[in-house]
There are 2 protein chains.
Amino acid sequence: MPTDTKERILDSAELLFSSQGIANTSLRSLTEHAQVNLAAVNYHFQSKDALVQAVLFRRVNPINQRRMELLTALGQPSIGQILDAFYRPAVEAVLAGPEGRAVARLIGRLYSEPGDLLAGQVRALMADTFRTFAESIQRALPGVPQATIIWRLHFCIGIMAHTFGAMELIEGMARGRIAYDDPEAILRQMITFASAGLRAEGESTCAAS
Amino acid sequence: MPTDTKERILDSAELLFSSQGIANTSLRSLTEHAQVNLAAVNYHFQSKDALVQAVLFRRVNPINQRRMELLTALGQPSIGQILDAFYRPAVEAVLAGPEGRAVARLIGRLYSEPGDLLAGQVRALMADTFRTFAESIQRALPGVPQATIIWRLHFCIGIMAHTFGAMELIEGMARGRIAYDDPEAILRQMITFASAGLRAEGESTCAAS
DNA sequence: GTACTGTTGAAACGAACGTTTTATTGAATC
DNA sequence: GATTCAATAAAACGTTCGTTTCAACAGTAC
């Protein structure tokens, strides 16, 4: 339990935003949960919108930095290694500590939030990471057209976003047959699936027949 | 432009909910956009929450019914055929007509919406469809463990949800190198990727090495 | 014409929202 | 010890929200 007002606000905002949605979370319930004064939000941050940006940036930035570190540490990486560098920082950030679920929902909903929610820095971070990984995959799969690479990398992001953003739904449908308690097992499932998808042949042939 | 009040409300709600978010869309801006009286929402539907359920159900129900039709029309389907039956109704509903984008965002965000948004009928519909397709995939891939099937089917859903829910983000990052104007091309990309992912071998071996 | 039913219109309700203002605290600086 | 300043507290600001109320207006049956 942090003693600093600013961090208490960020922690409560992360938890409440992810569980109730941003628009459905009032600053009054937020400051009550964080046990700080109502005006503290507008004092430490300028507005509720700026608080949202701060909440997102605090989590997204370290993850993307770690992704870049892992990727550049590899020389001529295989598809599996590239995907590991992409997924691992997010999975570990999400399944570490009691606040993991909130972080997961936050990241899972990042990509499909309406309006100007992920503007500015956060969007730029994501675009940078996307470009870097797209180029790395392109080098590992020289035969695949660029448009196909782009589609498939977005599919890889969708796999992660859905795994994080729909945890309750997935657990409910699985009825105990799968669990979120083993990060390495989830990573393995994601990488195995996405690796095969990225390497799939027949971009121009119809696979539905 | 529909002349019926109830349908005008549903159409405007679908458009505004998907572009601005549900909580950020007031009934006043909604009824103004639909050119109906403010009280019409609480008259034809009971509340804003019930309107949300109606908006979702109107789109999700036909798609899932069509999925079931296509799947049961196949005898012993291949993975590609199963995926076609799952993806096609959604892709065609999403890219048909000018309201396609709104439907897309709506479906894309269905799975990761917070709270009790997709309660009741809509959630039951999704669970039914999931169970049916999971069993069909299981039959087509008898060697794959059930837990792996469940994970991978959720990955397939994530691919679709992200493709629909993050259209603006994807288009922005692609810088014109990919487009949403060809339903068959998108279907082919999704099916090719997901089909390879579903059939991937090595669930228990680490693909990252 | 009259009564009835389903729908629309305009106005108002109380509550909750994000933000701002004004005071008050508590410790560091000289 | 007075001063200064970042931080907190309490109250109020004006606005907007979902919902309700009640009157007006269609149609149709009798």
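As the structure is a computational prediction, the values presented were derived from the model and not from experiment. Here is how names work: the chains are called A, B, and so on, in the same order as the sequence lines, proteins then strands, and each is numbered from 1. Computed from heavy atoms alone, side chains included, the values below leave out hydrogens, waters and symmetry copies.
A heavy-atom distance below 4.5 Å is found between the side chains of B:Arg67 and B:Asn64.
At the heavy-atom level, A:Thr25 lies under 4.0 Å from the strands shown only through sugar-phosphate atoms.
Between A:Leu30 atom CG and C:dG18 atom P the separation is 9 Å, expressed in whole Å. Between B:Asp49 atom CG and D:dC17 atom C1' there is a gap of 13 Å when expressed in whole angstrom units. With rounding to whole Å, A:Arg8 atom CZ is found 11 Å from D:dT8 atom C1'. In this structure, the CG atom of A:Leu27 is 16 Å from the C1' atom of D:dT8, given to the nearest Å. In this entry the distance linking CG of B:Asn24 with P of C:dC17 reads 14 Å, nearest Å. One atom, CG of B:Asn42, and another, C1' of D:dG18, lie 7 Å apart when rounded to the nearest Å.
Remark: B:Pro183 engages B:Val91, B:Leu95 in a side chain to side chain contact (heavy atoms under 4.5 Å, CB included) (not counting sequence neighbours). By the side chain to side chain contact (heavy atoms under 4.5 Å, CB included) test, A:Leu74 is found to be paired with A:Pro77, A:Gln81, residues two or more places apart in sequence or in another chain being considered.
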Starting at the 5' end of nucleotides 5-16 of chain C, put B wherever the base has a protein heavy atom under 4.0 Å, S where only the sugar-phosphate does, and a dash everywhere else.
-> -SBBBB-B----

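Looking only at distances, a side-chain donor or acceptor of A:His162 sits under 3.5 Å from a matching main-chain atom of B:His154.
Between B:Arg101 and B:Glu171 a salt bridge is recorded (basic side-chain N to carboxylate O distance below 4.0 Å). Between B:Arg58 and B:Glu14 there is a salt bridge, since a side-chain N of the basic residue sits under 4.0 Å from a carboxylate O of the acidic one.
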